[in-house]
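So you know, we letter chains A, B, ... as the sequences are listed, proteins then strands, and number each from 1. Side chains are part of it too, since the values below use all heavy atoms of this structure and drop only hydrogens, waters and symmetry mates.
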2 protein chains.
Amino acid sequence: MKSIGVIDIAREAGVSTATVSRVLNSSERVSEDTRAHVLEVIERLGFSPNASASSLRRGRSDAIGIAVASISQPWYVKLIRELRRAVTARGMTTVVYDLEHSSRVLIEHTESARRLRLAGMILATGDRLDEAEVSDSLHRLAGSMPLVVIGQRLDDATWPTVSFDDVAASAAATEELLERRGRPVLFLGSSRRSFLSDQRREGVRRALEARPELLRDSSFVVLDGPMDYAAGYAEAASRAHELRRYGLIFCVNDELALGALRALGELGLRVPEDVMVIGYGDVDMLPYLTPSLSSLSGDVNAIAGDALDAIMAGIAGEPAFAARVHSRRIVHRESTEVREG
Amino acid sequence: MKSIGVIDIAREAGVSTATVSRVLNSSERVSEDTRAHVLEVIERLGFSPNASASSLRRGRSDAIGIAVASISQPWYVKLIRELRRAVTARGMTTVVYDLEHSSRVLIEHTESARRLRLAGMILATGDRLDEAEVSDSLHRLAGSMPLVVIGQRLDDATWPTVSFDDVAASAAATEELLERRGRPVLFLGSSRRSFLSDQRREGVRRALEARPELLRDSSFVVLDGPMDYAAGYAEAASRAHELRRYGLIFCVNDELALGALRALGELGLRVPEDVMVIGYGDVDMLPYLTPSLSSLSGDVNAIAGDALDAIMAGIAGEPAFAARVHSRRIVHRESTEVREG
DNA sequence: CTGAAAGCGCTTACAG
DNA sequence: CTGAAAGCGCTTACAG
C-alpha cells in the first residue's frame, strides 16, 4: 500500500503540489477558499506529510535537539518540558537525548544530531566537557548547527552558554550555615567527571577559608562512581566514626543527601540537632522526607528562556549573548533548622 | 558553505556514489581496499550522511520511537535506557517521547512519529488509552508502522501488548499483608485517567472479598489530579481522624506512598507499628527512606525484551505474539515488617 | 493567488 | 565488485 503524498492531495483537490505545500506551511499567500478545500482533502485522506522529504528539501529539520546529562534527574526533566513547551509554541519540534552521564553516549548523540540536520541543539550537563573527544564532538556539532550549552563554559567555546553561579551559591550557603553552627564541614561528591561538583566544592572551600581552624578539620570527599542514593549512604556510613565531628554535610546533589540522611539515622545521629544536611537541586520530594531536606534551588524557567532566546537567534542567523549567569537560592527545611551561636 | 555529500566523497575517492553508499551501509559487497579508502576519505572530510535523504529514499527512518507516560518516573527511564541499548546494538536509533501523562501530548507525538516515518513505535503507559481521540490516534499510528504497547491491552488492539498482571500482584500482596495484620485497607490512587490504577485497586478489592468485614471498613480513594508526593501527603493528612482504623495503606505508586509516609509521621503514627505502607514501582530511593518502603516490583528487562522482539518482528514483516503478561514481585522493607496474628 | 519544473542527497535495481 | 541513472516526496524560485 503506497502511502499518499502531496501529489495525491493535489490531484484530489484539483490544485498543484505547490499549493498543497503552501497550505501545509501556512505562512504563504493562498486564497481562503483554496486553503479550506485543500485542508479538507488532507483531513479526509488522512495525509501526513513526509518529514524527511521536507527536511531534505529545506536543508534542515524543524526539530531542536535537547540533550541532558540524565533524564533520571528531575531538574533536567523540568528543563526538557519547559523547552518543549516553548519550542512547540513556536511551531517547531524537539528531540530528546538522554546522555546517561556518559561521554560515549554524548558523542553518539551529537553524531546522530548532525546526521539529522537538526535546526539546533541545546545541551545541558554538569559533567565535564573538556575531555578531548567530547570537546571535538562539540566543536564539530557547533560547526554544523547552532549550539547552546547549559551548565558550563568551555574556554574555547564559540557558542552561547547559560549557567548558575554555583561557586557563589555554595559559598553563601556555607557561610550562612556556619553562622548557625561553627563546626567543620563534610563535603560529599566531588567527582573527577563533574564540572559542577568542582564549582560547588570550590564555593564551600572559599567560605571555609575565613575560618582556617574549621577548614583544617573539614573533609572533601571525591566520589568516582555515580552520585546517587547508594553512594550517599555508603559514603556517610563508611565515616561513622568521624561523623560527629562535622556540623554540616554538604552534598553535591539531593540524591547523595537523601542517602546520607538514611545512614545518619541508622547511626543514631539526629538531623539537624547533631548534624545539618543540605543538597543541591531542590527536587520535588524533599519537603516530604523526614526530616525534610534543605537544598540549593535554581530556576528552570530563567535558564530555559535564555537558552531558547540564544538558540532561536542562532537559527535566525543573528548574534546571541556569549554567556549568561543566574544565581541560586537556598531553601531551608528541617535538615538545617537549628539555632546556636 | 555547502556541506559535503556522497558526491564529494565519491569524487575525492575516485569511485561512484553507489560505492560510497555501499560503504556507509556496510552490509554490501565492496572490496576491502575500496572500503578502507572510502572510509578514510569520509573521515578526512568529516562527512556526515544526511539522514533525511536516506530515510526519504528508503521509505522510512531507521529510528524506533519510545513513548513513555512520564520521564519523571524512574521505571520508565530504566525502560528507555534498556530499549535504547538493545536498539542501538541492532544498528538502529531511538527517539524518545515524554507523554507527560497527557492525551494531547500523546496525540501530538503520534502525529510527529507518523510524519517522521519511524520504523516502529513502542508505547509504554498506564494511562487510559480507550478515550476516543487517543484510540483513533493509535489505530492510525498502527496503520502506518509497527506498534507495540506496554502496560495495557485495548479491546480492539491490532498490535502486540506486554504488561504486568497487576490485579494478581495487588491481590497477592494484599492477602499476604492481611495475614500479617487483619485490618481494613486504605487504597490511595484510583484516578479515572489511569488504567493501571484500576487494575491495582481491583486486585486489592478481590483479596478483601474473602473478608467481608474488612472490606466494609476499607476505603478506596479516587484521585483526579496527579499522583505525586504532594497528593499522597494531602490525601493521608486529610484523613487524620480515621487513619488509625487501617492496618495498611496501599498506594498505587511509590510517590504517593512517600507522601503518605510524611503525613503519617507528622500525625504521630508509626510505620509499620501502627500502619503498614506499600507502594508500586520499587524505585531506587525506597531503601534509603526512613522507614524504608516496601513496594511491588516489575522486571524492566523482561518487558523490554518482549517489546523489542515484537517490534523487530513487526519491522521485518513477521507476525509477533498478541499479548504477553509478566508477574510482579513484592519487595518487603521496613514499612511492612511486622508480625502479628 | 497559482502552477510547472527543478532539485535537495541519498539508495538501489539493473547492467556489466 | 562497481557504475550510471532513476526516483523517494517534498519546497521554492520563477513566471504568469
Minimum-distance nucleotide to B:R58 side chain [options: D:dG3, C:dT11, D:dG9]: C:dT11

Sugar-phosphate, base or nothing in reach of A:S52, heavy atoms under 4.0 Å: nothing

Rounded interatomic separation in angstrom, taking CG from A:L24 and C1' from D:dG9: 11 Å

Residue B:L45 excluded, over 12 heavy atoms near CG under 6.0 Å: yes

Phosphate OP1/OP2 of C:dT2 contacted by A:T34 side-chain N/O (<4.0 Å): yes

Separation between CD1 of A:I9 and OG of A:S16, rounded to the nearest 0.5 Å: 13.0 Å

Closest to the B:S21 side chain, choosing from C:dT11, D:dT11, D:dT2: C:dT11

Residue A:S16, side-chain atoms from C-beta onward, closest of C:dC10, C:dG3, D:dG3: C:dG3

Contact list for residues 40-60 of chain B, test ring pair (Phe, Tyr, Trp, His ring centres under 6.0 Å), sequence neighbours left out: none

Proximity to the side chain of B:S54 - top-ranked nucleotide from C:dC10, C:dT2, D:dG3: C:dC10

Among D:dC1, D:dG9, C:dT11, the nucleotide that comes nearest once only the side chain of A:R57 is considered: D:dG9

Nearest to side-chain heavy atoms of A:N50, which nucleotide of D:dT11, C:dC10, D:dG9: D:dG9

Separation of atom CD1 in A:I7 from atom P in C:dG3, rounded to whole Å: 14 Å

Rounded interatomic separation in angstrom, taking CZ from A:R60 and P from D:dT11: 14 Å

side-chain hydrogen bond (donor to acceptor under 3.5 Å, both in side chains) partners of B:S54, counting only residues at least two apart: B:R58

Residue B:S31, side-chain heavy atoms: nucleotide from D:dC10, D:dC1, D:dT11 that is nearest: D:dC1

Please produce a list of atom pairs where a protein N or O lies less than 3.5 Å from an N or O of nucleotides 14-16 of chain D.
none

Donor-acceptor pair, side chain of B:Q152 and main chain of B:L196, under 3.5 angstrom: no

C1' spacing across the pair C:dT12 / C:dG16, given as an integer number of angstrom: 16 Å

Check ion pair A:E131-A:R193 (N to O, under 4.0 angstrom): no

Whole-Å distance separating the CZ atom of B:R11 from the C1' atom of C:dG9: 13 Å

Set of residues satisfying side chain to side chain contact (heavy atoms under 4.5 Å, CB included) with respect to A:R81, sequence neighbours excluded: A:V77, B:S70, B:I71, B:S72, B:D98, B:E100

B:E133 CD: over 12 foreign heavy atoms closer than 6.0 Å: no

OP1 or OP2 of C:dC10 under 4.0 Å from side-chain N/O of B:T17: no

Atom pair distance, as rounded to whole Å: CG in A:L116 and C1' in C:dG9: 14 Å

Whole-Å gap separating C1' (C:dT2) and CG (A:D33): 14 Å

Side chain to side chain donor-acceptor pair (under 3.5 Å) assessment of A:S52 paired with A:S55: CA-CA 5 Å; A:S52 297; A:S55 298; over 6 Å; no

Inter- and intrachain pairs under side chain to side chain donor-acceptor pair (under 3.5 Å), touching residues 302-315 of chain B, at least two apart: B:D306-B:R324, B:D306-B:H326

Separation of atom CZ in B:R117 from atom P in D:dG9, rounded to whole Å: 8 Å

Watson-Crick or G-U stems involving DNA chain D, each at least 3 pairs long, distances under 3.5 Å, ordered by first number: C:1-3 with D:14-16, C:5-12 with D:5-12, C:14-16 with D:1-3

Sugar-phosphate only, base, or nothing, as touched by B:V15 at under 4.0 Å among non-hydrogen atoms: sugar-phosphate

